[in-house]
Amino acid sequence: MNQFVIRRLITTIPVLFGILVLTFVLLRAIPGDPCRAIVAERATEEVCDQFIESSGLNKSIPEQFLDYLNQVARGDLGTSFRHNRPVVDLFFERLPTTIELGIVASVFAVVVGTPLGIIAARRRATLVDFGSMSVAAVGVSTPVFLLGLLLAYCFGVLLSDTPFALPPSGRLTPGAFYEPFYVAWGLIPPKGEAFGFLVFLSRFHILNAVLTVNPDLMTDAIRHLILPAVTAGTIPLAIISRIMRSSLLDVLSQDYILTARSKGLSEFTVVVGHGVRNAMLPVTTVIGLSFGSLLSGAILTETVFGLPGVGQLVVEGIFARDYPVVQGSIMLLAFSFVFVNFVVDVSYAYLDPRVKLQ
Amino acid sequence: MTNFSRGLSKNFLRRPLILFSGMALLILIFVAVFAPLISTHDPLSSMIGIEPGHLPGKPPCIPILGCEDSLHLMGLDLNGRDIFSRVIYGARISLGVGTASIVFATLAGGFTGLVSGYAGGWTDNILMRITDVILAFPQLLLAISFVTVFGPGLQNVLLAISLASFPFYARLARATVLATKNTEYIMAARAIGAGPFRIMFVQIMPHTFPTIIVQATLGLGIAILDIAALSFLGLGIQPPAAEWGRMLSEGRAYMSTSPHIVFYPGIAITITVLAINILGNGLRDALDPRLNSY
């Protein structure tokens, strides 16, 4: 197992290096004068000279790349032009919202998608199968932003006067009382500005509400996340249910299922205990791999629902021509994608020892 | 009969849903090609001031529901343009740009995969590490990065989508090359003096077609969604062009008063991608011999 982890770890090194090269090229590939493109209307001769000097653009490309590597190794991804703050700080401020969205969306996708696939497989070639697979087919074909807009319209406008109404935008209701848990616990003075792990944790609103024992804030935080999570989770849900169906059909035709049945086990034990358990293997991979579609989905979902996450940070950065923010965020998102794929591969090898032999 | 055509006739053409999707796609292609004949208005012209009584954001007027005015089947958008005509013209952009980007991606990916698999060694290693890096980015994120650097617009969207999807085809082509390059008939071709290019492009390349065609069909659906997503974010096809994602984005702020502006282009994207996905899945199943055992 350790050998497999090390081998897999080694293969990620060139990929990580490639990501660094690509994000380095990103800023330098802008056509025309980089100063005019980046600094835009503020680009006077003096400002440009200063900009080229400070960003090291007057050096040779290999030198610039070494500087860039050096910077990244020190955790310095540059400073945002717009916010005049380090990109790393901005990224980690926004990350908790995206992670919360990702977790709730994944839970939704797994909790709804898995039973949907099981039911479809059990009732193969019936109306139930056709219906659930049609839902899955429409799910993967509907644009994330369209689904988001339709859900926001239904639950935010049409049902606004009913108990089913859900907030169509924002992370918390404006004016909601929010107190970081470390302040409630008296750990750090309220004006403490240092960015630390506690501050990062406190930005997970649901977790923070639990830690401060604030049920109102928790309900508010969850209610604001339902529509975005359903929106971002629909494509993974559709993929999970399809894989679950085909995987379970495959498993149920195996001899050991026949043996289990001939032993007189109940249908539930055969399907769930013997069938689903083995059919879950490819599903776990898909759950991990759907992180990519969740990430792309998060960019669109956060834009539709006005959620202050990493996706929105990237989109805002693009429109504000805040290139360090775009460059840094894209690099960190790609790194996290590689990391998740690594964890998926290792966990798959742990679950299915045959993988290690390949 | 080859396995491919046998699989097609047995699993593909006998399924009503797949036939139905194929027909829907044919209709969409027809609509895209003959858009000037089908559309009722110029997709870019505003009706404000031209047709009295037509206000921006006017809801659809359907004669069967008792509406006497049948001029604007899907209503008007906020600039007073006919939504029906814009949806019709939108099919041109989505299908056209989507298909072009997939054609580029398959050509670039197919060539990379062929060379990589056939040459082996360092060439293979370098080319595959490059594809690894591109695959390390979620497709939409990479397309966004590309468009951020080179600017929005039709041509850059096309290139962005091609760049983000070519590694899939490179991997598929390479896998087929590795499976076939040591077979006896390739050795025979080499023995009679066929050069590497002849072997790659005449002997091996046809074997990559079935898997690449299936992947390209499924990839077309993703490409159309990505084009719409880029345009929705304001990074894709620029106004006033009639593009479905852009239309959705423009109508977004007026969803509560004029939902039809978002509804029709949204339905158009979903139907197109659904038809392509069903067709792609049908093709994949037709080529998967395991399916016959079910």
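Throughout, protein chains are lettered first and strands after them, A, B, ... in sequence-line order, and every chain is numbered starting at 1.
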Original post:
Which bit of B:Phe232 is near chain A, if near means a heavy-atom gap under 4.5 Å: side chain, backbone, both or neither?
Top reply: side chain
Original post:
Top residue by heavy-atom pair count (under 4.5 Å) with chain B, among A:Thr303, A:Val338, A:Leu158?
Top reply: A:Thr303
Original post:
Has the side chain of A:Ser329 got a donor or acceptor atom that lies under 3.5 Å from a matching backbone atom of A:Val326?
Top reply: no
**OP:** Measure the shortest side-chain to side-chain distance between B:Thr131 and B:Leu127 over non-hydrogen atoms and say whether it is less than 4.5 angstrom.
**Re:** no
Original post:
Is it the side chain or the backbone of A:Leu22 that comes within 4.5 Å of chain B heavy atoms, both, or neither?
Top reply: side chain
Subject >> For chain A, the option from B:Leu17, B:Thr272, B:Asn277 that forms the most heavy-atom pairs under 4.5 Å >> reply: B:Asn277
Original post:
When heavy-atom pairs shorter than 4.5 Å are enumerated against chain B, which of A:Val314, A:Asn341, A:Leu149 gives the highest number?
Top reply: A:Leu149
**OP:** Name the region of B:Ile134, side chain, backbone, both or neither, that has any atom closer than 4.5 Å to a heavy atom of chain A.
**Re:** neither
**OP:** Among B:Leu248, B:Asp132, B:Val147, single out the residue with the greatest number of heavy-atom pairs under 4.5 Å to chain A.
**Re:** B:Leu248
Original post:
Can you list the steps and then say if A:Thr11 with A:Phe342 is a side-chain contact (heavy atoms from CB on, under 4.5 Å)?
Top reply: CA-CA 10 Å; A:Thr11 56; A:Phe342 170 74; over 6 Å; no
**OP:** Measure A:Phe130 against the heavy atoms of chain B and call it side chain, backbone, both or neither at under 4.5 Å.
**Re:** side chain
**OP:** Check whether any side-chain N or O of B:Ser21 sits under 3.5 Å from a backbone N or O of B:Leu279 as a donor-acceptor pair, and report yes or no.
**Re:** no
Subject >> Contact origin within A:Val144 toward chain B - heavy atom pairs under 4.5 Å >> reply: neither
Subject >> Part of B:Leu142 lying under 4.5 Å from any heavy atom of chain A >> reply: side chain
Original post:
At a heavy-atom separation under 4.5 Å, does A:Leu150 approach chain B through its side chain, its backbone, both, or neither?
Top reply: both
**OP:** Evaluate the side-chain contact (heavy atoms from CB on, under 4.5 Å) criterion for residues A:Arg245 and A:Asp129: first the C-alpha distance (whole Å), next the side-chain angles of each, then the deciding distance (0.1 Å), finally the verdict.
**Re:** CA-CA 9 Å; A:Arg245 177 185 179 271; A:Asp129 181 19; 2.9 Å; yes
Original post:
Is the side chain of A:Ser241 donor-acceptor paired with the backbone N or O of A:Ala238 at a distance under 3.5 Å, no angle test?
Top reply: yes
**OP:** Could you tell me which portion of A:Tyr323 (side chain, backbone, both or neither) has an atom closer than 4.5 angstrom to a non-hydrogen atom of chain B?
**Re:** side chain
**OP:** Side chain from CB out, backbone as N, CA, C, O: work out which of these in A:Val157 comes under 4.5 Å of a heavy atom of chain B, or both, or neither.
**Re:** side chain
**OP:** Tell me, yes or no, whether the heavy-atom count around A:Arg82 atom CZ, taken from other residues, nucleotides or ligands under 6.0 Å, exceeds 12.
**Re:** yes
Original post:
Do you know which of A:Leu300, A:Thr12, A:Val140 has the most heavy-atom pairs with chain B at a distance under 4.5 angstrom?
Top reply: A:Leu300
Original post:
Between A:Ser247 (side chain) and A:Met244 (backbone), is there a donor-acceptor pair under 3.5 Å?
Top reply: no
Subject >> Polar side chain donor-acceptor pair, A:Glu302 to A:Thr98, under 3.5 angstrom >> reply: yes
Subject >> Among B:Ile267, B:Leu233, B:Leu141, residue most engaged with chain A (heavy-atom pairs, under 4.5 Å) >> reply: B:Leu233
Original post:
Would the number of heavy atoms belonging to other residues, nucleotides or ligands and lying under 6.0 Å from CZ of A:Phe319 be above 12?
Top reply: yes
Subject >> Interface moiety of A:Val304 toward chain B, non-hydrogen atoms closer than 4.5 Å >> reply: both
Subject >> Interchain contact, A:Val315 with chain B, by part (heavy-atom threshold 4.5 Å) >> reply: side chain
Original post:
With a 4.5 angstrom heavy-atom cut-off, which part of A:Phe335 approaches chain B: side chain, backbone, both or neither?
Top reply: neither
**OP:** Go through the side-chain N and O atoms of B:Glu243 and B:Ser231 and say whether any donor and acceptor fall under 3.5 Å apart.
**Re:** yes
**OP:** Taking the side chain as every heavy atom from C-beta outward, state whether A:Ser336 and A:Leu332 have any atom pair closer than 4.5 Å.
**Re:** no
**OP:** Using a cut-off of under 4.5 Å on heavy-atom pairs, state which of B:Gly151, B:Pro265, B:Ala275, B:Ser145 scores highest against chain A.
**Re:** B:Ser145
